[in-house]
Peer 1: 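Could you have a look at this structure, given as structure tokens, before my questions?
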Number of protein chains: 2
Amino acid sequence: MQDDLEVVREAADRDGLLDRIRRLVLGGDFPPGAVVPEAFLAQEFDVSRTPIREALKQLQHEGLVEIRPKVGTFVREPTRREIIELFQLKESLEGLAASLLARRGEVKELSVLRRNLEESEMAALTHDTDAYARLVHEFHWTIVRGSDNHKLVEHYERLMNQLAYQRLVLRTVEHPGRLEASTREHRAVLDMIEHKDPFGAESAMRNHVHASSREALTDPAQDRRS
Amino acid sequence: MQDDLEVVREAADRDGLLDRIRRLVLGGDFPPGAVVPEAFLAQEFDVSRTPIREALKQLQHEGLVEIRPKVGTFVREPTRREIIELFQLKESLEGLAASLLARRGEVKELSVLRRNLEESEMAALTHDTDAYARLVHEFHWTIVRGSDNHKLVEHYERLMNQLAYQRLVLRTVEHPGRLEASTREHRAVLDMIEHKDPFGAESAMRNHVHASSREALTDPAQDRRS
DNA sequence: GACGCTTCTGATGCATGCAACATAGGCTTT
DNA sequence: AAAGCCTATGTTGCATGCATCAGAAGCGTC
């Protein structure tokens with residue numbers, strides 16, 4: 001039993017090496033400059049450089065780091081322009097997801113979304129921004145997964161990874177009045193889905209993402225890189 | 001100079017290793033079963049297994065192959081369902097691209113698109129399906145690139161790679177009457193872009209992609225995997 | 001003092017070797 | 001003959017060593 005746990009844990013470490021490095025990069029523990037070299041990560045995770053290299057290549061492919069040949073691996077923070085581009089994509093993909101979910105009219109996710117919305121309203125009332133952020137996150141993911149389009153989920157995953165930098169997170173809930181507006185928009189989306197109105201759901205979702213992205217983009221912390 | 005050419009060629013080989021393997025996989029030269037092992041590719045391209053492994057990992061991440069740990073790498077042909085999913089994404093992304101391009105109202109790509117449309121009409125009249133397919137390909141790519149959203153281009157690239165299996169290509173032009181309809185739809189899209197009507201352009205593009213995907217999906221060669 | 005060249009260093013890129021494991025086929029047993 | 005075990009094989013996964021090269025620091029020249 002002890003052995004089993006050991007094996008499982010180590011296997012998880014191996015499988016999750018990419019994720020662990022990704023978290024390191026996204027977590028902001030590293031300067032936006034050069035990520036400590038492969039050798040460091042190798043020692044840190046107690047593996048050879050080879051799997052580290054593989055993981056870094058993936059991250060490069062995901063757009064999170066930039067590997068300059070023969071030089072090193074650098075944390076690749078998105079420019080303001082790229083953030084705008086990513087939000088445009090987000091709007092489109094989530095719109096599609098809402099549309100597909102509305103067309104399915106599946107019941108399972110509907111109850112989850114209803115419950116989520118209730119809790120969100122509660123969190124908004126008590127100004128529990130942490131809980132609210134988590135609920136928003138779940139709301140969007142539930143809809144995307146509920147689209148039942150796995151390729152869409154994959155692309156969305158990639159997209160969100162690029163938007164997952166610590167500095168960009170939780171911004172949408174820091175604006176006064178945004179919580180209430182956001183909740184209203186969520187309700188509008190859910191209404192359209194419940195009415196099995198794909199077009200309306202897509203429209204409502206796009207409006208919502210557009211609005212929330214505007215808030216995120218006006219955040220002063222982003223003026224750095226324009 | 002001779003040396004320079006050598007260096008450039010070899011550098012291109014290295015940079016393009018991923019592309020070359022991808023072409024091998026997409027080209028259908030391999031059975032849908034197991035891709036010949038890393039050692040074969042290593043010998044084929046006269047490199048070590050290490051860079052081969054890196055490339056294969058990328059392809060796995062792109063969804064083109066499946067790497068079963070300790071077993072081997074398998075060509076991963078998309079199921080019919082996945083093709084449907086991918087076309088839904090294509091519709092959404094190209095719709096977004098058309099919308100963005102219409103909003104920009106850029107002149108450069110407009111002339112390219114106009115010219116492309118003229119040549120397409122010519123190819124349709126002469127039933128030159130090869131030329132037509134190439135022109136359609138360029139038309140869509142011109143619009144996507146013209147969106148001036150590089151992240152969109154990246155995601156579109158990934159998407160198209162997954163749709164690039166040899167067996168799926170050129171299907172849309174094999175249906176009677178499709179060439180004319182397709183040309184009409186292209187013109188509608190271009191009209192909307194020229195009128196700087198983002199909403200109309202998106203709608204027209206989505207209609208077009210939807211129509212052409214329906215043709216592609218009704219192809220009998222796809223009934224195999226349902 | 002500034003500019004250009006050379007050397008030096010640190011990191012990556014790749015090749016190679018070995019161990020681990022999934023699968024297949026034969027072998028034993030019933 | 002069927003079922004289960006066991007060995008054999010082929011492949012991957014990883015560790016390590018070496019060559020290569022970008023960039024920096026030091027040196028010499030103008």
Side-chain angles (χ1 to χ4, degrees), chain A residues 3-22 24-25 29-76, chain B residues 3-22 24-25 29-76:
Chain A
D3 278 348
D4 285 356
L5 285 177
E6 268 304 303
V7 168
V8 167
R9 201 180 59 77
E10 287 188 0
D13 280 1
R14 290 232 144 60
D15 290 341
L17 214 165
L18 179 72
D19 291 324
R20 293 179 68 183
I21 298 182
R22 191 189 287 117
L24 269 187
V25 170
D29 299 333
F30 284 96
V35 133
V36 270
E38 299 172 357
F40 175 85
L41 294 175
Q43 190 172 1
E44 183 76 11
F45 295 119
D46 195 44
V47 293
S48 155
R49 275 178 47 215
T50 310
I52 298 288
R53 279 182 62 73
E54 287 176 356
L56 288 179
K57 273 247 177 170
Q58 298 290 350
L59 290 184
Q60 177 185 38
H61 209 233
E62 290 180 15
L64 296 186
V65 302
E66 178 187 359
I67 300 178
R68 298 214 304 231
K70 295 282 190 180
V71 178
T73 304
F74 299 83
V75 175
R76 171 95 172 63
Chain B
D3 278 348
D4 285 355
L5 284 178
E6 268 303 304
V7 168
V8 167
R9 201 180 59 77
E10 287 187 1
D13 280 2
R14 290 230 145 61
D15 289 343
L17 214 166
L18 179 73
D19 292 322
R20 292 178 69 183
I21 298 181
R22 190 190 288 118
L24 269 187
V25 171
D29 299 333
F30 284 95
V35 132
V36 270
E38 299 172 356
F40 175 86
L41 294 174
Q43 188 170 3
E44 182 75 12
F45 295 119
D46 196 46
V47 294
S48 153
R49 275 178 49 216
T50 309
I52 298 288
R53 280 183 60 74
E54 287 176 355
L56 287 179
K57 274 248 178 166
Q58 298 290 350
L59 291 183
Q60 178 186 36
H61 209 234
E62 289 181 13
L64 297 185
V65 302
E66 177 188 358
I67 300 179
R68 298 216 302 230
K70 296 280 189 182
V71 178
T73 304
F74 300 83
V75 174
R76 170 97 171 62

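No experiment lies behind these values; they were computed from the predicted model shown. Every chain is numbered from 1 and lettered A, B, ... according to where its sequence line falls, protein lines coming before strand lines.
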Peer 1: Find the distance between CG (B:L56) and CZ (B:R49) and round it off to the nearest 0.5 Å.
Peer 2: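 CZ of B:R49 is found 10.5 Å from CG of B:L56.
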Peer 1: Among the candidates C:dC14, C:dA15, C:dT23, find the nucleotide nearest to the side-chain atoms of B:S48.
Peer 2: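 Closest of the options to the side chain of B:S48: C:dA15.
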Peer 1: Between A:D46 (CG) and D:dG13 (P), how many Å, whole number?
Peer 2: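 Result: 19 Å.
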Peer 1: Tell me, do B:T73 and B:L59 make a side-chain contact under 4.5 Å, heavy atoms counted?
Peer 2: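 Of all side-chain heavy-atom pairs linking B:L59 with B:T73, none is under 4.5 Å.
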Peer 1: Tell me: CG of A:L41 to P of C:dT12, nearest whole Å?
Peer 2: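 Computing the A:L41:CG to C:dT12:P distance gives 9 Å.
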Peer 1: B:F45 CZ to C:dA15 P: how many Å, rounded?
Peer 2: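 It works out to 13 Å between those atoms.
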Peer 1: Rounded off to whole Å, could you give me the CG-to-P distance for the A:L17 and D:dA15 pair?
Peer 2: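 Roughly 10 Å, once rounded to whole Å.
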Peer 1: Specify the residues of residues 51-65 of chain B, ordered by number, for which at least one heavy atom lies under 4.0 angstrom from an atom of DNA chain C.
Peer 2: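 Going residue by residue through residues 51-65 of chain B, the ones with a heavy atom under 4.0 Å of DNA chain C turn out to be B:P51.
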Peer 1: Is there a side-chain contact between A:R53 and A:T50 (heavy atoms, below 4.5 Å)?
Peer 2: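 Result no, sub-4.5 Å side-chain heavy-atom pair not found.
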Peer 1: With a 3.5 Å cut-off and just heavy-atom distances, do the side chain of A:K70 and the base of D:dT20 make a donor-acceptor pair?
Peer 2: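 Side chain to base: pair found, below 3.5 Å.
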Peer 1: Show your working on side-chain contact (heavy atoms from CB on, under 4.5 Å) between A:R22 and A:Q58 and close with a plain yes or no.
Peer 2: CA-CA 10 Å; A:R22 191 189 287 117; A:Q58 298 290 350; over 6 Å; no
Peer 1: Quick one: does A:E62's side chain get under 4.5 Å of A:L18's, heavy atoms only?
Peer 2: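 With C-beta onward as the side chain, the pair touches.
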Peer 1: Report the residue (A:T50 or A:G72) whose heavy-atom-nearest nucleotide on DNA chain C is the more 5′ of the two.
Peer 2: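 Nearest nucleotide further toward 5': that of A:G72.
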Peer 1: Can you tell which of C:dA22, D:dC14, D:dT20 lies closest to the side chain of B:V71?
Peer 2: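 The nucleotide sitting nearest to the side chain is C:dA22.
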Peer 1: Rounded to the nearest angstrom, tell me the gap between atom CZ in A:R68 and atom C1' in C:dT12.
Peer 2: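 In whole Å, C:dT12 C1' lies 13 Å from A:R68 CZ.
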Peer 1: Would you say A:L41 and A:L24 make side-chain contact, with heavy atoms under 4.5 Å?
Peer 2: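 With C-beta onward as the side chain, the pair touches.
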Peer 1: Test for a donor-acceptor pair under 3.5 Å between the base of D:dG13 and the side chain of B:R49, counting only N and O atoms.
Peer 2: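 Indeed there is one.
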